[in-house]
Each structure stands twice: as C-alpha cells, then as structure tokens.
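For reference, the structure is listed below as structure tokens.
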Amino acid sequence: MHGTDAVAALAALIPVAGGVDERIRWDEVEAIWGKRFPSDYVRFMEVYGAGVVQDAINVLLPSERADGWPYRDGPGLRDETELVREMWDMCGDEADFDVDPASIVAWAVTSGADVYCWDTTDEDPDRWPVLICGRHTHPEFQVHPRGMAGFLHGLLGDEEFRQQKISMVLSGEASFVNWRDR
C-alpha cells in the first residue's frame with residue numbers, strides 16, 4: 001500500500017484528532033535533500049505532522065525548523081540518516097541485499113532504537129521501500145516493499161507483519177501525539 005490512500009487507511013487505525021498540519025514548504029525541503037519525498041509521507045505531515053505513534057514510533061520532520069520558516073539543513077532526518085548510513089557501512093555486508101548508503105534516508109526512530117528509512121534508489125519516491133535498521137530485530141537490516149504509511153499500518157494492524165520489525169511491544173489502541181503536544 002503506497003501513497004495518500006495508505007494514509008487514509010492508516011487513519012482508520014490512528015485517530016486523526018492528535019494531528020497538526022506542519023505546513024511544510026516542500027520545495028525548500030526538496031532543495032535541501034535534492035529529491036522529492038513520497039506522497040504518503042507528505043500527506044502524513046499534512047494530516048498528523050511529526051510526532052509519536054503508539055508512544056513508540058517517532059516520525060520525524062524532514063528538516064529542522066528554524067524560527068518556524070524556512071526549513072534548513074539540520075537535526076531530525078539528517079542526523080538519523082547519517083547514523084544509519086554509518087551503520088550500513090559497518091554492518092551492511094551481513095544483510096542479504098545490497099543498497100548504496102547514499103540512497104538511505106531515515107524517517108522514524110522507535111523507542112527501541114530501531115530506525116525506519118527509505119531506500120531512495122528508485123526515481124519515483126512512491127516506490128521507495130522501507131528499510132529497517134533494527135537494534136534488536138533479526139535480521140538487523142530488512143527491506144519491505146510497503147511505503148511508509150503502509151508499513152505503519154502493518155505494524156499497528158497486523159500482528160504477523162509486526163514480528164521482528166519492531167523491538168518493543170505495541171499494545172492498546174493506536175494513537176498519535178504531535179510533537180507540539182508532548
């Protein structure tokens with residue numbers, strides 16, 4: 001499941017009431033990163049914004065906010081992306097697939113220290129698979145063809161899918177808290 005339809009399906013699991021539109025200037029963010037972002041991530045930022053899913057998965061802003069606008073290069077996705085690229089350089093040869101570390105972009109961090117990323121090799125961001133860099137998952141690096149929202153939907157709504165993709169237990173009703181409300 002990819003694109004804005006995946007966010008609509010996710011909304012059936014996560015109440016939208018806690019969300020806040022980040023009003024991101026995507027042209028500025030894309031200039032910083034040198035690429036477009038997947039439509040489900042863009043839509044997620046419009047519906048929910050950055051924040052915590054299920055008190056465990058911290059979905060990150062695409063760049064640091066400096067005085068509200070404009071976005072600038074800084075912590076957030078950038079820091080986590082650099083960390084995962086370094087981890088791939090150190091441990092990626094243990095994975096059963098190959099990826100260019102320069103194509104890895106992080107989009108979320110879990111309270112169990114897993115990092116969810118995209119493999120941005122494909123020119124179409126809506127076809128970017130999710131790459132897991134797990135601290136306590138097996139295998140440590142995994143790739144999944146679902147987009148970001150479809151991946152979250154699987155974690156929250158499919159017990160079998162969730163196995164070995166997150167290093168903590170997700171229990172209770174799905175929830176979202178925007179970073180402003182934390």
Side-chain angles (χ1 to χ4, degrees), residues 1-10 14 22 24-53 56-64 71 73-92 94-110 112-135 137 139-156 158 161-162 164-167 176:
M1 190 177 339
H2 289 272
T4 57
D5 290 344
V7 177
L10 190 58
I14 304 173
E22 296 294 350
I24 294 169
R25 294 182 180 168
W26 289 102
D27 57 334
E28 294 175 18
V29 170
E30 291 166 4
I32 290 168
W33 283 91
K35 58 185 78 211
R36 286 183 309 117
F37 280 79
S39 61
D40 61 345
Y41 179 72
V42 171
R43 184 68 182 142
F44 190 93
M45 287 295 145
E46 292 170 349
V47 173
Y48 294 99
V52 180
V53 175
I57 304 164
N58 188 11
V59 179
L60 304 168
L61 282 168
S63 278
E64 179 182 326
Y71 279 83
D73 201 4
L77 264 67
R78 177 72 59 199
D79 286 351
E80 294 302 329
T81 295
E82 289 174 10
L83 174 72
V84 173
R85 288 174 179 177
E86 289 172 13
M87 289 181 65
W88 181 266
D89 283 338
M90 291 186 302
C91 307
E94 298 170 18
D96 61 358
F97 58 92
D98 193 31
V99 66
D100 178 358
S103 72
I104 298 171
V105 175
W107 56 267
V109 179
T110 73
D114 305 318
V115 184
Y116 298 142
C117 310
W118 293 291
D119 172 0
T120 66
T121 304
D122 197 301
E123 288 185 22
D124 180 353
D126 286 336
R127 291 196 305 244
W128 292 350
V130 170
L131 172 69
I132 297 175
C133 175
R135 303 291 162 88
T137 60
E140 182 177 25
F141 289 101
Q142 303 173 38
V143 67
H144 299 278
R146 299 179 182 204
M148 172 241 183
F151 183 81
L152 288 174
H153 190 276
L155 287 180
L156 298 171
D158 183 343
F161 178 81
R162 185 180 313 147
Q164 294 300 321
K165 293 173 186 70
I166 192 163
S167 5
F176 178 82

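Contact between A50 and M45 at its shortest, heavy atoms only, is N-SD, 3.7 Å. Across A106 and V115, no two heavy atoms sit closer than the pair CB-CG1, 3.7 Å. Summarising the geometry of L77 relative to L61, their closest heavy-atom pair is CD1-O, 2.6 Å, with the distance given to 0.1 Å. For D40 against A149, the heavy-atom pair with the smallest separation is OD2-N, 2.9 Å. Counting all heavy atoms, side chain and backbone alike, R146 lies closest to G154 at NH1-CA, 3.2 Å. The two residues E94 and E140 have their closest heavy-atom pair at OE1-OE1, 4.4 Å.
A donor-acceptor pair is defined here as one N or O able to donate and one able to accept, closer than 3.5 Å; such a pair exists between the side chain of T120 and the backbone of S103. For D126 (side chain) and S39 (main-chain N/O), a donor-acceptor pair under 3.5 Å exists by modelled atom type.
Between Y41 and W128 the shortest side-chain heavy-atom distance does not fall below 4.5 Å. Looking only at side-chain heavy atoms (C-beta outward), F151 and W107 come within less than 4.5 Å of each other. At a threshold of 4.5 Å between non-hydrogen side-chain atoms, the residues P38 and M148 do not count as touching. Here the side chains of V53 and Y48 are not in contact, with every heavy-atom distance at 4.5 Å or above.
Looking at residues two or more places apart in sequence or on another chain, you find a side chain to side chain contact (heavy atoms under 4.5 Å, CB included) between R85 and T81, P101, I104, V105. Partners of D27 under the salt bridge (charged side-chain N to carboxylate O under 4.0 Å, His left out) rule, at least two apart in sequence or in another chain, do not exist in this structure. Scored by the side-chain hydrogen bond (donor to acceptor under 3.5 Å, both in side chains) test, D100 finds no partners at all (sequence neighbours excluded). Remark: E46 engages R43 in a salt bridge (charged side-chain N to carboxylate O under 4.0 Å, His left out) (not counting sequence neighbours). Annotation: side chain to side chain contact (heavy atoms under 4.5 Å, CB included) contacts of A95 (sequence neighbours excluded): W88, F97, F141.
Between the CG atom in L156 and the CD1 atom in I14 there is a gap of 5.0 Å [rounded to 0.5 Å]. Remark: Y116 OH to I132 CD1 distance equals 5.5 Å, nearest 0.5 Å. Rounded to the nearest 0.5 Å, atoms CG (D89) and CE (M87) are 11.0 Å apart. The line from CD of E22 to CZ of F44 is 10.0 Å long, rounded to the nearest 0.5 Å. For the atom pair CZ (R25) and CD (E30), the distance works out to 14.0 Å, reported to the nearest 0.5 Å.
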